[in-house]
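Throughout, protein chains are lettered first and strands after them, A, B, ... in sequence-line order, and every chain is numbered starting at 1. Since the model is a prediction, treat every value here as computed from it, not as a measurement.
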Number of protein chains: 4
Amino acid sequence: MNTQAALIDLNCDMGESYGRFQIGNDEAIFPYISSSNIACGFHGGDPLHIENTIRLALKHRVRIGAHPSYPDLSGFGRRKMHLPAAELEAVVKYQVAALKGMVESHGATLAYVKPHGALYNTAADEEETCRLIISAIQALDPRLALMGLAGSTMEQVARQQGIEFIAEAFADRTYTPQGRLLPRSQPHAVIYEPEQAVKQVLDIALRQHVLSAGGLMVPVHAQSICIHGDNPAAVPILQALHAAFETHHIQLINQRDAARG
Amino acid sequence: MNTQAALIDLNCDMGESYGRFQIGNDEAIFPYISSSNIACGFHGGDPLHIENTIRLALKHRVRIGAHPSYPDLSGFGRRKMHLPAAELEAVVKYQVAALKGMVESHGATLAYVKPHGALYNTAADEEETCRLIISAIQALDPRLALMGLAGSTMEQVARQQGIEFIAEAFADRTYTPQGRLLPRSQPHAVIYEPEQAVKQVLDIALRQHVLSAGGLMVPVHAQSICIHGDNPAAVPILQALHAAFETHHIQLINQRDAARG
Amino acid sequence: MNTQAALIDLNCDMGESYGRFQIGNDEAIFPYISSSNIACGFHGGDPLHIENTIRLALKHRVRIGAHPSYPDLSGFGRRKMHLPAAELEAVVKYQVAALKGMVESHGATLAYVKPHGALYNTAADEEETCRLIISAIQALDPRLALMGLAGSTMEQVARQQGIEFIAEAFADRTYTPQGRLLPRSQPHAVIYEPEQAVKQVLDIALRQHVLSAGGLMVPVHAQSICIHGDNPAAVPILQALHAAFETHHIQLINQRDAARG
Amino acid sequence: MNTQAALIDLNCDMGESYGRFQIGNDEAIFPYISSSNIACGFHGGDPLHIENTIRLALKHRVRIGAHPSYPDLSGFGRRKMHLPAAELEAVVKYQVAALKGMVESHGATLAYVKPHGALYNTAADEEETCRLIISAIQALDPRLALMGLAGSTMEQVARQQGIEFIAEAFADRTYTPQGRLLPRSQPHAVIYEPEQAVKQVLDIALRQHVLSAGGLMVPVHAQSICIHGDNPAAVPILQALHAAFETHHIQLINQRDAARG
């Protein structure tokens with residue numbers, strides 16, 4: 001570390017409520033994050049919740065990304081779907097276009113796209129899905145970045161296709177010795193203790209590694225840290241992270257620059 | 001009429017198919033029209049059909065408008081819904097934003113917005129609904145025009161709010177002596193005979209009036225003529241209109257200028 | 001009151017969660033109620049939540065009613081919709097049939113139907129809507145009862161059509177001097193204090209009247225008391241009601257007989 | 001063949017229209033079939049179309065089956081979905097319950113269940129999916145039969161679980177030498193010539209075999225023949241089949257007995 005403050009990004013999925021169906025605790029989380037992945041209507045997020053979430057993000061000077069999904073409201077986008085290539089590309093383009101226009105209607109800028117749920121996981125492993133997502137994004141706006149799993153196939157494809165990539169790591173998920181996320185079905189897959197989350201984030205932010213489930217150090221190169229809004233400990237974890245960031249002279253990106261990415 | 005050719009616009013609702021559910025006969029109609037009102041996903045039109053319809057419009061050099069609806073797929077947007085003001089505005093903004101982005105991803109420009117079905121009829125009569133629609137549109141892009149019923153409340157509100165208004169009249173619907181459309185429940189509400197439709201369109205285009213159900217001449221000032229894609233006689237009517245336009249030196253707008261409105 | 005215990009029914013809307021979208025606190029409420037109005041999928045309640053809610057109702061020996069709605073997931077069935085008569089009848093029949101079959105698959109019996117939200121309010125006032133709902137119910141099973149607002153048009157139509165009617169009153173809503181519910185937009189429309197709710201329920205159960213917003217006593221003849229599951233004080237109110245019922249020798253219907261209504 | 005007339009069943013998917021989205025040509029097909037697989041709302045078929053299709057089936061004395069699907073309206077149920085076991089079972093139960101109740105509201109009887117699209121194909125190959133479908137059906141009514149691909153895993157599981165199985169073969173699809181259907185992506189996968197369809201059906205009905213794509217005779221033991229309603233030649237094929245049946249003394253099941261299968 002040099003004397004300059006390190007910069008980190010904290011991102012969280014937002015705006016996933018639908019009609020009277022509430023999900024997450026957006027108002028409590030916004031003050032602590034620097035990037036918000038806003039649902040686009042296909043797994044959650046009706047137009048009014050999207051609009052209100054954009055307003056909240058702007059009020060808190062939080063960067064905005066689009067969070068498109070497979071079209072699966074009843075499954076919350078967590079089930080892999082088998083869409084033909086042209087349909088998948090159109091589905092992503094439609095959602096990102098909707099969010100982009102709504103953000104721009106407030107004089108603001110959409111900064112990036114982060115696929116949601118099963119689409120995220122599929123894109124982390126499958127080149128074809130990555131390419132379709134990137135193709136949709138680049139047709140809309142070549143300045144948009146793509147956010148995805150650090151070290152994944154998605155990162156490789158993004159580098160090849162020339163789209164800016166925001167590699168993300170996780171504050172509240174345990175890693176395997178292979179650098180993947182321990183499946184939620186395993187014990188200790190989710191981290192609830194703020195101190196443990198802080199340790200993991202500092203390891204990633206300052207030392208570019210993480211202590212995996214097996215006790216091995218695994219290298220992780222990430223520009224953004226994801227915290228899950230549905231983790232019941234999300235707010236305490238975020239508060240502990242902010243305290244630790246102050247101690248270690250780490251700044252959130254929007255403390256320095258709330259403008260586009 | 002001076003020696004210059006009169007200019008007219010022919011518009012039709014397009015892209016309303018949803019998944020394997022086909023509606024309309026878009027491929028047969030595109031060659032004859034100059035403006036296409038493309039569904040935005042809420043009454044019909046999934047992302048892939050929208051994408052393919054945009055491609056067809058560009059291929060035929062047809063102007064593109066967004067055709068937003070109440071959120072009512074099972075009712076095809078034909079039932080009035082009672083949405084709170086903020087929700088209605090967000091619903092329109094989301095749909096127009098999606099279409100706008102998708103059109104721009106092809107290097108083209110969205111030219112106007114025409115509300116669909118029950119939203120169209122409500123906006124024709126109710127100022128509040130008009131204002132919300134216009135507010136959503138202007139926040140997205142102040143250059144967008146609004147298309148709606150000639151002589152309606154919508155036209156007045158549009159003029160007051162300073163949004164360009166494209167007044168439309170109907171080729172295949174009978175008018176009442178008050179200048180409104182005869183409800184579909186009445187006999188002879190829909191015109192199926194090409195000669196009758198041609199007479200009505202020429203009256204509107206060249207003489208700014210129409211012969212109403214009661215035999216009275218009613219003034220109609222319209223820049224665009226709508227033909228319904230689900231009228232089984234749509235193609236013969238369009239062919240007859242093109243023949244008549246040649247005779248009367250009337251040009252479609254995209255014969256002279258396929259660029260933005 | 002004679003020496004026999006009075007019988008009362010406590011009903012609550014249940015099973016309204018949809019996919020990962022949770023609504024209500026069903027597990028905490030089931031121990032305190034005697035009738036559950038289970039969502040049928042059109043405003044909330046996917047098949048798995050319906051199935052699990054039926055299991056919970058049976059475990060707690062709680063009577064089951066179907067809670068059909070207008071088809072409006074994004075509006076939670078709270079917006080009046082204008083459906084043609086044949087469509088409304090089919091929409092109700094489909095939902096009640098689904099719930100009836102699912103209940104019977106557990107060897108249990110569906111006891112009644114209570115319309116939800118805007119459909120409830122429309123049916124409380126409009127004869128035509130009532131008749132269509134009753135026609136759908138009676139075609140499915142003439143032994144089904146209808147639950148609705150005590151003293152409403154719905155009660156009159158139900159008596160005329162010969163369907164058993166369960167008149168309900170509200171534990172946690174303030175009444176107008178006309179015996180209607182004070183709209184939620186008014187102050188004090190919802191009752192949050194358990195003692196106040198207990199007083200209102202005892203007035204209804206023992207004295208067949210209620211103290212209205214204007215201070216007038218209004219007669220209310222009800223066989224069932226509704227408590228709203230989304231009232232944050234629902235559980236404390238229910239606990240206070242149970243304590244008061246013990247003091248006043250009032251029994252819940254399922255304490256005596258958990259079988260069909 | 002003895003001197004008694006052979007009995008055959010002709011089945012077709014019906015009631016798949018949704019709102020104003022029309023699919024198929026039900027009115028033209030009903031006079032020629034003996035079993036109708038009626039959509040249940042999850043891939044097509046809103047409540048009103050279901051109700052009207054039930055009426056048509058009863059008018060034509062055609063046997064009624066439920067045609068449940070994965071919950072995928074935009075994909076018409078043709079995409080495999082990965083539902084947890086309890087959810088899949090509930091999804092099937094809900095749909096069959098809805099159709100069963102609606103049929104019984106007309107004093108008629110639901111005879112069988114035929115899974116739709118991707119659910120059909122998954123169930124043809126995977127025991128677990130079969131078992132869940134059968135479990136849902138048997139909980140609703142143990143007299144219901146299951147219709148599925150002749151010779152498939154589904155047939156085996158059905159025999160094991162003790163549910164009546166209606167093995168079906170296809171009039172208008174080419175078979176592989178392994179007795180499976182040639183994928184639609186292959187040339188000649190769909191049969192459009194009535195004479196060819198007649199030959200195939202007579203082979204199946206009278207000789208229990210079919211001539212496969214490779215020229216091999218493949219044994220097929222089926223009690224029902226499916227004709228696809230979206231085959232543009234469906235009506236001519238059905239007319240040719242009826243003529244051939246007369247010549248060969250083959251009767252449709254509902255010519256002898258329109259009651260429950």
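Contacts with chain C (heavy atom to heavy atom, under 4.5 Å) involve these residues of residues 35-54 of chain D, listed by number: Cys40(D), Gly41(D), Phe42(D), Pro47(D), Leu48(D), Ile50(D), Glu51(D). Close approach to chain C, defined as a heavy atom under 4.5 Å from one of its heavy atoms, is seen in Ala86(D), Glu87(D), Ala90(D), Val91(D), Lys93(D), Tyr94(D) of residues 83-95 of chain D, taken by number.
Partners of Asp230(D) by side-chain contact (heavy atoms from CB on, under 4.5 Å), not counting sequence neighbours, listed by chain and number: Arg20(B), Arg78(D), His228(D). With sequence neighbours excluded, the residues satisfying side-chain contact (heavy atoms from CB on, under 4.5 Å) with Arg131(D) are Glu127(D), Val157(D), Gln160(D), Gln161(D).
Taking all atoms of both residues into account, the shortest heavy-atom contact from Ala97(C) to Gly101(D) is CB-CA, 3.7 Å.
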